[in-house]
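Comments concern the structure below.
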Number of protein chains: 2
Amino acid sequence: MLIEIDFSSDEAIYQQLCNQIILGIATSRFTDGEELPSVRQMADEIGINMHTVNKAYTVLKQEGFVKVDRRRGAFISVDDRNKERARTLVEKNLRVLLAEARCRKLTRSDIFALVEQICDEYGM
Amino acid sequence: MLIEIDFSSDEAIYQQLCNQIILGIATSRFTDGEELPSVRQMADEIGINMHTVNKAYTVLKQEGFVKVDRRRGAFISVDDRNKERARTLVEKNLRVLLAEARCRKLTRSDIFALVEQICDEYGM
DNA sequence: CACCTGTTATATTATAAGTATAACAGGTGG
DNA sequence: CCACCTGTTATACTTATAATATAACAGGTG
């Protein structure tokens with residue numbers, strides 16, 4: 001499973017968990033249809049509370065990354081609806097991120113190198 | 001000044017304020033050396049508490065976007081130290097952002113188009 | 001029937017955000 | 001000197017959220 005949580009981070013645990021799973025999907029470490037550990041099992045593995053995992057799963061479900069089957073439990077199921085909404089969200093976040101990059105004197109080439117590298121990693 | 005705060009957002013007000021100012025610097029709406037409204041004046045303009053503005057200024061000061069002179073008050077002063085740390089931070093955030101983009105079926109071209117557009121806006 | 005699944009409810013603690021009021025040190029201009 | 005501005009600090013309060021804890025429920029599985 002390999003979920004890494006930074007307990008000294010200012011980012012919420014459930015948020016880190018969501019990000020890790022989304023990162024896992026993008027890097028094909030998680031495949032469509034793959035089962036996720038139960039909320040209790042995942043909580044035990046990481047050493048956190050069941051409800052924290054449940055919140056992450058609920059968020060991922062609402063965002064269309066996870067579905068639940070009573071018989072099987074939670075599993076990866078990527079819903080590719082809302083491409084335009086996703087583009088708008090990415091654009092907004094990108095705008096903030098690149099603003100800070102520019103202020104820090106990162107160049108256009110610096111940015112493109114990073115984007116290219118990550119796209120390659122994700123097989124885009 | 002033109003600071004826009006979304007009070008229904010889940011993003012903290014002081015964080016939105018920081019982002020707006022960084023965005024302003026990147027788009028040259030704020031120039032190096034330009035004075036910022038005092039914490040009390042800015043708070044009045046936006047309709048929020050003085051301490052919320054003070055927190056934003058303090059964060060920006062720590063991050064090297066703002067300096068303070070007793071005589072003049074707060075003003076823009078971009079410190080371009082820590083380019084490598086900035087690159088690491090951008091890379092980490094970019095990785096999460098592009099992971100979600102990929103899951104939403106945004107293509108490499110989609111991403112590059114967005115990055116190109118924003119870089120152009122910022123004159124990078 | 002025991003055991004697992006997600007889900008819900010409730011309560012508690014801790015932390016952070018935002019507001020409110022007040023005061024202090026220090027520079028500015030009348 | 002004095003009123004007025006600046007950032008800064010301190011304190012207190014309210015609110016919201018995160019995280020934990022304990023418990024229970026509906027439903028599928030062996």
Side-chain angles (χ1 to χ4, degrees), chain A residues 1 3-22 30 33-79 96, chain B residues 1 3-22 30 33-79 96:
Chain A
M1 207 61 214
I3 295 288
E4 299 267 350
I5 299 295
D6 177 8
F7 292 98
S8 65
S9 169
D10 58 335
E11 199 176 15
I13 297 176
Y14 82 92
Q15 191 65 57
Q16 290 186 53
L17 189 48
C18 287
N19 286 345
Q20 295 264 322
I21 291 175
I22 293 174
F30 295 149
E34 183 175 346
E35 290 185 24
L36 287 170
S38 75
V39 287
R40 291 170 177 86
Q41 186 180 341
M42 174 76 90
D44 279 347
E45 284 178 12
I46 304 179
I48 58 176
N49 192 274
M50 177 194 70
H51 292 93
T52 307
V53 178
N54 189 253
K55 176 155 188 178
Y57 280 17
T58 301
V59 170
L60 288 171
K61 203 173 58 180
Q62 285 171 343
E63 292 182 352
F65 290 112
V66 161
K67 284 191 177 176
V68 167
D69 185 326
R70 276 271 174 210
R71 292 167 288 188
R72 301 170 51 201
F75 60 98
I76 305 287
S77 172
V78 180
D79 184 354
V96 176
Chain B
M1 210 58 212
I3 296 288
E4 300 266 349
I5 300 295
D6 177 8
F7 292 98
S8 65
S9 170
D10 57 336
E11 198 175 16
I13 296 176
Y14 82 92
Q15 191 64 58
Q16 290 186 54
L17 189 47
C18 287
N19 286 344
Q20 296 263 322
I21 291 175
I22 294 175
F30 296 149
E34 183 174 346
E35 291 186 22
L36 287 169
S38 74
V39 288
R40 291 170 176 84
Q41 186 181 340
M42 175 75 90
D44 279 347
E45 284 178 11
I46 305 178
I48 59 176
N49 192 274
M50 177 194 69
H51 295 288
T52 307
V53 179
N54 189 252
K55 176 156 188 179
Y57 281 16
T58 301
V59 170
L60 288 171
K61 203 173 58 180
Q62 287 171 342
E63 292 182 353
F65 290 113
V66 161
K67 283 191 175 175
V68 167
D69 187 326
R70 276 272 174 211
R71 293 168 287 188
R72 302 169 49 200
F75 60 99
I76 304 287
S77 171
V78 179
D79 184 355
V96 175

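Chain A is the first sequence line, chain B the second, and so forth, proteins listed ahead of strands; every chain is numbered from 1. We use all heavy atoms of the structure for the numbers below, so side chains are in, but hydrogens, waters and symmetry mates are not.
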Give the rounded distance in Å between these two atoms: CG of B/D10 and P of D/dA16. 15 Å

Tabulate protein N/O versus nucleotide N/O from nucleotides 9-13 of chain C, keeping only pairs under 3.5 Å, one per line.
residue : atom : partner : partner atom : Å
C/dA9   : N6   : A/H51   : NE2          : 2.6

Starting at the 5' end of DNA chain D, which residue's closest nucleotide do you reach first, B/N54 or B/S38? B/S38

Quick check: does any side chain N or O of A/Q20 sit under 3.5 Å from a backbone N or O of A/E4, one acting as donor and the other as acceptor? yes

Which atom of B/C18 lies closest to which atom of B/A56, heavy atoms considered: SG-O, 3.6 Å

Side chain to side chain, A/F75 and A/V66, heavy atoms closer than 4.5 Å: no

Can you measure B/I5 atom CD1 to C/dT19 atom P for me and round it to whole angstrom units? 11 Å

Could you check how far NZ of A/K67 sits from C1' of C/dT7, rounded to whole Å? 19 Å

Mind calculating the distance between CG (B/D69) and C1' (C/dT28) to the nearest angstrom? 12 Å

Which heavy atom of A/L36 sits nearest to which heavy atom of A/Y57, and what is that distance? CB-OH, 3.5 Å

Length of the CG-P vector between A/D44 and D/dA21, whole Å: 11 Å

Quick one, B/I5 with B/I3, criterion side-chain contact (heavy atoms from CB on, under 4.5 Å). Give me CA distance, side-chain angles, the key distance, then yes/no. CA-CA 7 Å; B/I5 300 295; B/I3 296 288; 4.1 Å; yes

Counting only Watson-Crick pairs (N1-N3 plus N6-O4 or O6-N4) and G-U wobbles (N1-O2, O6-N3), all under 3.5 Å, who is the partner of C/dA9? D/dT22

Mate of C/dC3 across any strand shown (Watson-Crick or G-U wobble, both atom pairs under 3.5 Å) is D/dG28

Please produce a list of atom pairs where a protein N or O lies less than 3.5 Å from an N or O of nucleotides 16-18 of chain C.
residue : atom : partner : partner atom : Å
C/dA17  : OP1  : B/Y14   : OH           : 2.7
C/dA17  : OP2  : B/K55   : NZ           : 2.4
C/dG18  : OP1  : B/I13   : N            : 2.4

Tell me: CD of B/Q41 to P of D/dC4, nearest whole Å? 17 Å

How close or far is atom C1' of D/dA24 from atom CZ of A/R40, stated in whole angstroms? 11 Å

Round to the nearest Å and state the distance from A/Q62 atom CD to C/dG6 atom P. 16 Å

Single hit among A/N49, A/N54, A/D44, A/T52 for side-chain contact (heavy atoms from CB on, under 4.5 Å) with A/V39: A/N54

Carefully, step by step, assess B/V78 and B/F30 under the rule side-chain contact (heavy atoms from CB on, under 4.5 Å). CA-CA 11 Å; B/V78 179; B/F30 296 149; over 6 Å; no

Between B/K61 and B/K67, is there a side-chain heavy-atom distance shorter than 4.5 Å? no

Are the side chains of A/I22 and A/F65 in touch, meaning some heavy atoms are under 4.5 Å apart? yes

Determine: side-chain N/O of B/K61 to OP1/OP2 of D/dT8, distance under 4.0 Å, yes or no. yes

Any strand is fair game: report the nucleotide pairing with D/dC2 by Watson-Crick or G-U wobble, both distances under 3.5 Å, or none. C/dG29

